[in-house]
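In what follows, chains are A, B, ... by sequence order, proteins preceding strands, each numbered from 1.
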Number of protein chains: 2
Amino acid sequence: MPRTSDKREKLVTAAKSLIHRQGFHRTTLADIASEAKVPLGNVYYYFKTKEEICEVVLEERKQDLQRLIGDCCRNSNPKANLKRFLRCLMDDSNQVAECGCPHSTLCQELRKISSPLSDRAEGTLQVLIDWAVEQFRKAGVPRPKSTGFEFIARVQGTMLLAHTLHDPRRMKQQIKVIGTWLDTL
Amino acid sequence: MPRTSDKREKLVTAAKSLIHRQGFHRTTLADIASEAKVPLGNVYYYFKTKEEICEVVLEERKQDLQRLIGDCCRNSNPKANLKRFLRCLMDDSNQVAECGCPHSTLCQELRKISSPLSDRAEGTLQVLIDWAVEQFRKAGVPRPKSTGFEFIARVQGTMLLAHTLHDPRRMKQQIKVIGTWLDTL
DNA sequence: GTCTATATGTTGATAGAC
DNA sequence: GTCTATCAACATATAGAC
């Protein structure tokens, strides 16, 4: 028996996965409890409300993203960092084609409700944009703000279409196109 | 009293608007009935299920899109058609920043459920992609399939970020960037 | 800390009067 | 065709035993 219970962690992991696959609204607390193998009533010992679980999921997603872009910055060549980021996306293309980008699909869903969660969601994608802008600035590309936004818009649009069309192949092709564009800047 | 009731039409109009603003799952039949000023129980005279309403909304959205791209094709210059399309998007930037693209936000939401609706959603964005591909083909641009996909991905990514960040200004800027890119092809 | 049982509220859907 | 009343199912949340 662990010194501290791992139930909370299990619940968050289950919620992350289920929210990605089904969306926030369609995911019930019973779903989460069941996937985490925790009795339903016990959920409320760890979280006051369903929204609080989502808040924690959002925070973890943000940290995942920060870890990912941190891993992409292993050296000081900003364009190589962006390329490594594209490579990571390609590796995820099957899951993205099935369930969409875990960050932006949740953002769009939460944006349609009036709740503190809605504003929280904004932060995750902003992290991504800020990082891209910084890479372009370091690379000496003209108008780094606009170019960074453009880069993330292209990446997100590609994932959106891949999800809607359930097509990982075209996602990979399109990411290659974005990589080629990077080389011309 | 009209020869045929306009209640069904009112219900669809209300559903279209509410689903765009709140999403499909958060929109209740009571919401729809209330906005259409139709008693709740009466809804089931016109539609068997909630999903059936959504099906009709999807169909109308598709027709709206076909009408829009039809209007953009007033002459035979394919690049001018694409530019007119971008202009239409700019005119919608405030609403997009608030509620997202009415087509793709619904597609992404429906993609996360297992229902015939999920596959129906795919068709709407495919209409858009097919049109763009056709314009690039007519314009003699190399690899029109890839370029058409790229064009819609950029447009959709731009709207996704505009929605998440609630920022119509950056949406307009980014659409201009896409227009400039069009000129270089 | 953990769990069962259940309260409470909402929603999709139906029955049946008019 | 229109509407009121209501059902049945489900989801969030709580009470309280252990």
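The CG atom of A:N42 sits 14 Å away from the C1' atom of D:dA17 (whole-angstrom rounding). Between the CG atom of A:L18 and the C1' atom of D:dA11 there is a distance of 15 Å, given to the nearest Å. Whole-Å rounding puts the B:Y46 OH to C:dA13 C1' distance at 18 Å. If you take OH of A:Y44 and C1' of C:dA7, they are 12 Å apart, rounded to a whole angstrom. If you take NZ of A:K50 and C1' of C:dT10, they are 13 Å apart, rounded to a whole angstrom. Following rounding to the nearest Å, A:K10 (NZ) and C:dT2 (P) show an atom-to-atom distance of 11 Å. Between the CD1 atom of B:I32 and the C1' atom of C:dG12 there is a distance of 11 Å, rounded to whole Å. The nearest whole Å value for the distance from the CD atom in A:E51 to the C1' atom in D:dA13 is 13 Å.
Taking a cutoff of 4.0 Å between a charged side-chain nitrogen and a carboxylate oxygen, B:E134 and B:R137 qualify as a salt bridge.
A donor-acceptor pair under 3.5 Å is absent between the side-chain atoms of A:H20 and the main chain of A:L106, judged by distance alone. The backbone N or O of A:M90 sits less than 3.5 Å from a side-chain atom of A:S93, completing a donor-acceptor pair.
For B:P39, counting side-chain heavy atoms from C-beta on, the closest listed nucleotide (D:dT4, D:dA13, D:dA11) is D:dT4. Nearest nucleotide to the A:K7 side chain, out of C:dT14, C:dT2, D:dC3: C:dT2.
At a threshold of 4.5 Å between non-hydrogen side-chain atoms, the residues A:L58 and A:L110 count as touching.
Nucleotides of DNA chain D nearest to B:Y45 and A:H25 differ in position, and the one nearer the 5' end is that of B:Y45.
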